[in-house]
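All chains are named by letter (A, B, ...) in the order of the sequence lines, taking the proteins before the strands, and each is independently numbered beginning at 1.
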Protein chains: 2
Amino acid sequence: MKVTNQNLQIDGIDKEILRALMEDARTPILEIARNVGISGAAIHQRLRKLEKSELISGSKFIINPKALGYTTMAFVGIYLDKAMSNPEAVKQLQKIPEVLECHYTTGNWSIFIKILCKDNEHLMHLLNKEIQSISGVSRTETFVSLQQQIDRQIKI
Amino acid sequence: MKVTNQNLQIDGIDKEILRALMEDARTPILEIARNVGISGAAIHQRLRKLEKSELISGSKFIINPKALGYTTMAFVGIYLDKAMSNPEAVKQLQKIPEVLECHYTTGNWSIFIKILCKDNEHLMHLLNKEIQSISGVSRTETFVSLQQQIDRQIKI
DNA sequence: GTTGAAACTTGTACGAG
DNA sequence: CTCGTACAAGTTTCAAC
């Protein structure tokens, strides 16, 4: 079965390859080849095709933030003064390493971010000192994640 | 119960290893060794130590959802009826592949999720058909991410 | 902790079906 | 698109420092 998305053609074998690598980026090509039942060279060539298309945007080691003492995740909705340009605020947020995601969203807030901190004190410092001190930020609304029950990529 | 290992000792070399692998999980050990200036065997041993500690929770290929036609990311705050148990709702959300993250948060909402969809029609379907039909869900509030400007892991 | 070397496994290129 | 082969490169183990 072939699925066409834009100009990209991904068949079942490509999906197998991606699924294996999405789970563990260091899975050897030859191991995938054995599981799928075609030669390593074929897998290799398909991988190159997939990389050349923009389907694969990289591979990453995932570190466990808890092991580093980062136990508190929170989402913060940020209100900006009308005069304040969004890109300028993002530039400032970029400098705060605890900011993991930053979105320009519809709705109440100008900016919506995900942050990771060590404890409540750390969270308070981030909110009151780091984020509130960015010029243009007028107000924030914070939601602490008590537990993350799902964390995954889109299914292929 | 396992206690998070706070007395983990990470030196500069470990950090170099992690930084290289966080950027590209397929970076060869020997390449890291050359950059750091110690032998491949030493890097290998350190990596095993890091993997045995719970600092590394895996490695993943990152696929670009846009190449699959998923262009719209949104956050949805979900209100649950008081009678509804959170775990049951999460179980239902787990079945929806477009739900990438699910958090139990403080604040207005019982559940806060991140979803990825192909277009506005798809988004509407998810909200009105998939999510609203979960028993116990009373109301939702949606924030569409028009642009994601930051996406990264915690700095080490 | 680190090392180099040995033994083994993978990655990659290429010609051919 | 796939394969087999062949060589380069990376991984893993281990005795020894």
Trainee: For the CD1 atom of A:Ile10 and the NZ atom of A:Lys15, what is their distance to the nearest 0.5 Å?
Mentor: 8.5 Å
Trainee: Strictly under 6.0 Å, is that where the ring centroids of A:His103 and B:Phe75 end up?
Mentor: yes
Trainee: Given 3.5 Å as the limit, does a donor-acceptor pair link the side chain of B:Gln153 with the main chain of A:Phe61, or not?
Mentor: yes
Trainee: Rounded to whole angstrom units, what separation is found between the NE2 atom of B:His44 and the C1' atom of C:dG4?
Mentor: 15 Å
Trainee: How many whole angstroms separate atom CG of A:Asp11 from atom P of D:dC1?
Mentor: 9 Å
Trainee: Tell me the interatomic distance from B:Ile43, atom CD1, to D:dG10, atom P, rounded to whole angstroms.
Mentor: 13 Å
Trainee: Quick check on C:dT12: is either OP1 or OP2 less than 4.0 Å from any side-chain nitrogen or oxygen of A:Arg48?
Mentor: no
Trainee: Between A:Arg26 and A:Ala42, which has a closest nucleotide on DNA chain D that is more 5'?
Mentor: A:Ala42
Trainee: What is the distance, rounded to the nearest whole Å, between atom CD of B:Gln45 and atom C1' of C:dG1?
Mentor: 7 Å
Trainee: Grab the two heavy atoms, one from A:Pro97 and one from B:Ile154, that are nearest each other, plus how far apart they are.
Mentor: O-CD1, 4.0 Å
Trainee: Could you tell me whether B:Glu31 contacts a base, only the sugar-phosphate backbone, or nothing, with contacts defined as non-hydrogen atoms closer than 4.0 Å?
Mentor: nothing
Trainee: Measure from CG on A:Asn35 to P on C:dT10 and round the result to the nearest Å.
Mentor: 11 Å
Trainee: Give the rounded distance in Å between these two atoms: CG of A:Leu30 and P of D:dA9.
Mentor: 17 Å
Trainee: Relative to the 5' end of DNA chain C, which residue comes earlier, B:Ile13 or A:Ala41, by the nucleotide with the nearest heavy atom?
Mentor: B:Ile13
Trainee: Between C:dT12 atom P and A:Leu47 atom CG, what is the distance in whole Å?
Mentor: 9 Å
Trainee: Could you check how far CD1 of B:Ile29 sits from P of D:dT13, rounded to whole Å?
Mentor: 11 Å
Trainee: Does B:Arg34 put a side-chain nitrogen or oxygen below 4.0 Å from OP1 or OP2 of D:dA9?
Mentor: no
